[in-house]
Amino acid sequence: MTDFRTNSIAPAAEAAADEDEHEPLLPQTPEENRGSGPAGGLSIKHRVLGVARHTTTALGVCLAAACLGIGFYILYILVHVPAMLEVLQGSEPQLESASLIDMDDDGVLFAVDLHFPNWGRRAATVPFANTTIYYHEDAVGWLYAKNLEVTPHHKRLSLYDVFHVTNAEAMGSLLAEAAARRRVTVSAQTGISLGGFGRYLPVVSAHRELELVLPPLPAANITFQDVVGPVDDTVDGGVTMHAKLLLNAPIPVSANISPVRIDARYQNITIASVDIGPTTMFAGGVSSIPVTTNIKRISSSAHEEALANLAMKISSGEGAELLLSGSDPSCCEQAPLWLRQMLHMVEIPIATDIAQLPHYALPPYENFVKKVSVDKLYAYWSAEDSYKPWAGISAQVLIEIPNTSGANATFEIESLVPHLQLVDEDNQPFATIDIVAIPIQLKQVAPFKFVVSCGFDRLGLSVVSGKEEQFTYAMKRALSDRNLALGINGTLDIVLATSIGLIHINKLPVDANIDWTFDADIRMPHSIFYNAIDAAPNAEAESSSAKVSVNRIHVAETTRELLVFELGLDIVNPFTYGAFITDLALNVNYDGLHIATVGVEELSLSKGKNTQTVYVHFNNYPEDLRQKRLFLEASVGRNITIEVAGFPNCTRIPPLEASLREFTKELTVDTSKLRKPGTSSGKLAGSFPQVLQEVVFHIFSMAAEATVINPVSGAGIWLQKIEAIGYYHEDVPLGTLEYDFTAKQPSGLRLPYNQAVTTPRLPITANETSIGWDLLRKAIGGTLDVDVFTNIQMQIGNAPLNFTVLGKNAPVKVRL
């Protein structure tokens, strides 16, 4: 309700103020009356009658003048008050733009543009208005404005003024209630002076209660840029991070605000303080605000529990709500006192995901995984425990992440113990991860440079009873489809050592989905396994290589199409890694041709000396050019692309067998790495029985003879036909050889098991180039390294075998 009052000055009082300017109507003293002459008595009588007659007229004139003045005043009020009522009551202006230009303890300099869309047909002009704002009967401040005018043709009003704060505490309380409730009730006392004739009339006062309702906050886009830190804070303690906050909120307001300090609280614990500003907000709500955040050092067990709970809320996806309020008003004295008091009284809830941190695209993992050192690795999977495979591993990984923000704070994981299970697409658990020991630690050796250590004595999977099919399906997708798709949920027990103190987080929820397709070859840093060798300081260089030697080749079965070999291997493993698997077999294909099936029974590999038997079912295609090409490329040392594939009943472990039925994988084998006996390459050294013992070339008879030893037992081997061409350095022809051993013996030259056999002298057709003869002549009495391109036909048991090989740098003794 609007209450108008008039502070009127009576017209009679105005007349009294002017009485000194007029002559008196009656004598003022007795002497004056007596001095009027002899006819004084009559004269007095006439004068009294005259005065009475004039007084009546004067009173009438005065009364008429007063009535005329009151009439004019009432008419003026009737003309102007309705317009003022529209200003004070029915206008409902809309804010077009506002600017907070400056502020201090005593006031706020502002500019505002208002629009009155529902303005009537009257014009309103207010030459002077003085408004005082009250909050709970306490005067907050006052505002002086003049020359206000709104007309039907110009429905806008611009103000550039100062709101003078008279009570900082009341001002802070008013703003705090408005921020918390989005509405506040105030009282406004306004005194309006009129212009023109109205300036001689009384001041009109209006008193009104106003309920101010703040509009909903628009959706704001908040991002961070130029992040620096976090770094250890040696002044305030804890860690500090600097950044620029980019705020984009579609509001028609610009402002200049002094720096303020905000406390972030969670579970009634102040976990951080944030210094914001100075803030310059441009029209349209766009601003770039410097922000400094200090995360407090842990001061109590309640503080640690609050941080642990906050981490659990965020990691679970549930999110957490922090309470923001201003720090004690004695802090950050650059801001006005009423603003500091308002911020201190208000509590604003804020979700942890309100701001988006800058997105850093991590480089490929090989760029920041600098070194992988495996001290121990052992895998176990048996047919008896088909659904309980396990592995033991001890390793260190050196990780170096690009430190673009100059961070220098401590963050370490002292221990991490998972309690996890694997879930299927319906979020139903089908296996649990079993761990016996505390496995993982993370140590920071430099800013953003960490060493991750793990020590699993036994890391196993236990398939939930009745969920074997889901486990098998997950394995099949991983092996056959190259897609690991499953969910992991459960909890983690973590102990964090940070710059702000030690944090124990128990039962941290984990709920993650893995969908990883690994078509490309997985590459690991070249330094992998560098620390895996446990050799004496003076050990020979070979101690850093695993040695594999073939100690036995036995033919178990032969037909025209099939040869079954048993290979006995001696494996010296200097590394602390190994495996046990009940049995496993895989097919080997070359260029669409099924070459062989290779398998093991009870593969057991551990550190030290191991003996292993490998079964090879070789499919013989004596007339197929692909088989001949395979032997040739292998002998030349070229890269050979083969395909390994699973098949039904390839193992007695049910989930592995089902997973491998459709498994295929192409492998490229570098046959140049297959070395002669006694040589090594990289981490694997091979040693095979030496079949060709000696080759002697006789110049006078132009014949060659060879001494060979047959290392293959279990079946007879006959050498039937040989064709060869000898070169020096691949391009200088020396001679050719063609010899048919079946001409003298139908079955050919027999090669008994493990006995040296020397062939008869085989005639050589020498090349007629002078270069070839010069080389042979110079090598007489010595040896000449010869490249020999050889095509051999032989019989192994019931299987004919044809193959072509290229012997590189074969030492040939040259004799007369």
Side-chain angles (χ1 to χ4, degrees), residues 224-245 261-276 290-315 320 322-324 327 331-332 350 352-360 362 368 370 396-417 438-454 492-508:
F224 287 103
Q225 282 187 349
D226 302 334
V227 177
V228 178
V231 296
D232 291 335
D233 195 324
T234 57
V235 178
D236 297 329
V239 295
T240 296
M241 182 170 62
H242 305 274
K244 281 186 179 178
L245 184 148
R261 175 169 293 179
I262 304 295
D263 288 339
R265 292 184 294 114
Y266 183 72
Q267 293 185 345
N268 293 323
I269 301 293
T270 300
I271 61 174
S273 62
V274 185
D275 290 336
I276 303 174
V291 176
T292 298
T293 302
N294 175 257
I295 301 176
K296 304 294 185 182
R297 185 167 181 80
I298 296 174
S299 58
S300 63
S301 59
H303 191 166
E304 181 188 353
E305 291 175 6
L307 291 177
N309 183 270
L310 179 62
M312 293 179 66
K313 292 280 189 181
I314 295 174
S315 64
L322 304 178
L323 288 179
L324 301 184
S327 299
C331 299
C332 211
I350 182 171
T352 52
D353 58 352
I354 189 172
Q356 299 175 353
L357 291 174
H359 175 70
Y360 296 108
L362 289 177
F368 58 86
K370 299 302 182 181
Q396 296 84 39
V397 180
L398 177 62
I399 298 175
E400 189 169 357
I401 302 174
N403 187 5
T404 58
S405 64
N408 187 12
T410 301
F411 180 86
E412 297 181 350
I413 299 177
E414 287 200 349
S415 70
L416 184 151
V417 181
I438 297 177
I440 299 176
Q441 290 184 333
L442 183 144
K443 293 292 183 183
Q444 180 174 299
V445 296
F448 274 62
K449 190 173 183 179
F450 306 93
V451 173
V452 182
S453 303
C454 64
L492 301 175
D493 295 338
I494 304 178
V495 179
L496 299 177
T498 69
S499 296
I500 63 173
L502 207 63
I503 306 175
H504 293 78
I505 306 176
N506 295 322
K507 297 184 179 180
L508 180 70

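- To the nearest 0.5 angstrom, Thr270 atom OG1 is 10.5 Å from Leu323 atom CG.
- Taken to the nearest 0.5 Å, the CG atom of Asn294 stands 11.5 Å off from the CD1 atom of Ile271.
- Of all the heavy atoms in Tyr266 and Ala320, the pair that sits closest is CE1-CB, 4.0 Å.
- Separating the CG atom in Leu245 from the CD atom in Gln225 is a distance of 10.0 Å, to the nearest 0.5 Å.
- Note that the CD1 atom of Ile440 and the CD1 atom of Ile413 stand 7.5 Å from one another [nearest 0.5 Å].
- Although no hydrogens or angles enter the test, the distance criterion places a donor-acceptor pair under 3.5 Å between the side chain of Ser405 and the main chain of Gly229.
- The only member of Val231, Val239, Asp233 that meets side-chain contact (heavy atoms from CB on, under 4.5 Å) when paired with Ser499 is Val239.
- Gln441 places no side-chain N or O within donor-acceptor distance of the main-chain N or O of Ser415, the cut-off being under 3.5 Å.
- Remark: side-chain polar atoms of Glu412 are paired, donor with acceptor, to backbone N or O of Gln444 under 3.5 angstrom.
- Just one of Asp493, Ile314, Ile494, Leu416 meets the side-chain contact (heavy atoms from CB on, under 4.5 Å) condition when paired with Leu508; it is Ile494.
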Apply side chain to side chain contact (heavy atoms under 4.5 Å, CB included) to the pair Thr498 and Thr410, showing each step before the final yes or no.
CA-CA 5 Å; Thr498 69; Thr410 301; 5.7 Å; no
After noting the C-alpha distance and the side-chain angles of Phe224 and Met241, does the key distance pass the side chain to side chain contact (heavy atoms under 4.5 Å, CB included) rule? CA-CA 12 Å; Phe224 287 103; Met241 182 170 62; over 6 Å; no
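- Contact detail for Gln396 and Val451: the closest heavy-atom pair is CB-CG1, 4.3 Å.
- Once rounded to the nearest 0.5 Å, the distance linking CD1 of Ile276 with CG of Leu324 reads 7.5 Å.
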*Evaluate the side chain to side chain contact (heavy atoms under 4.5 Å, CB included) criterion for residues Ile399 and Leu442: first the C-alpha distance (whole Å), next the side-chain angles of each, then the deciding distance (0.1 Å), finally the verdict.*
CA-CA 10 Å; Ile399 298 175; Leu442 183 144; 6.0 Å; no
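- When the options Glu305, Glu304, His303 are evaluated for a side-chain contact (heavy atoms from CB on, under 4.5 Å) with Leu307, the one that passes is His303.
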For the pair Ile298 and Leu502, evaluate side chain to side chain contact (heavy atoms under 4.5 Å, CB included) and give the outcome as yes or no after the intermediate values.
-> CA-CA 8 Å; Ile298 296 174; Leu502 207 63; over 6 Å; no
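- Of the listed residues (Thr292, Asp275, Val235), just one forms a side-chain contact (heavy atoms from CB on, under 4.5 Å) with Thr240, and that residue is Thr292.
- Remark: side-chain polar atoms of Asp263 are not paired, donor with acceptor, to backbone N or O of Ser273 under 3.5 angstrom.
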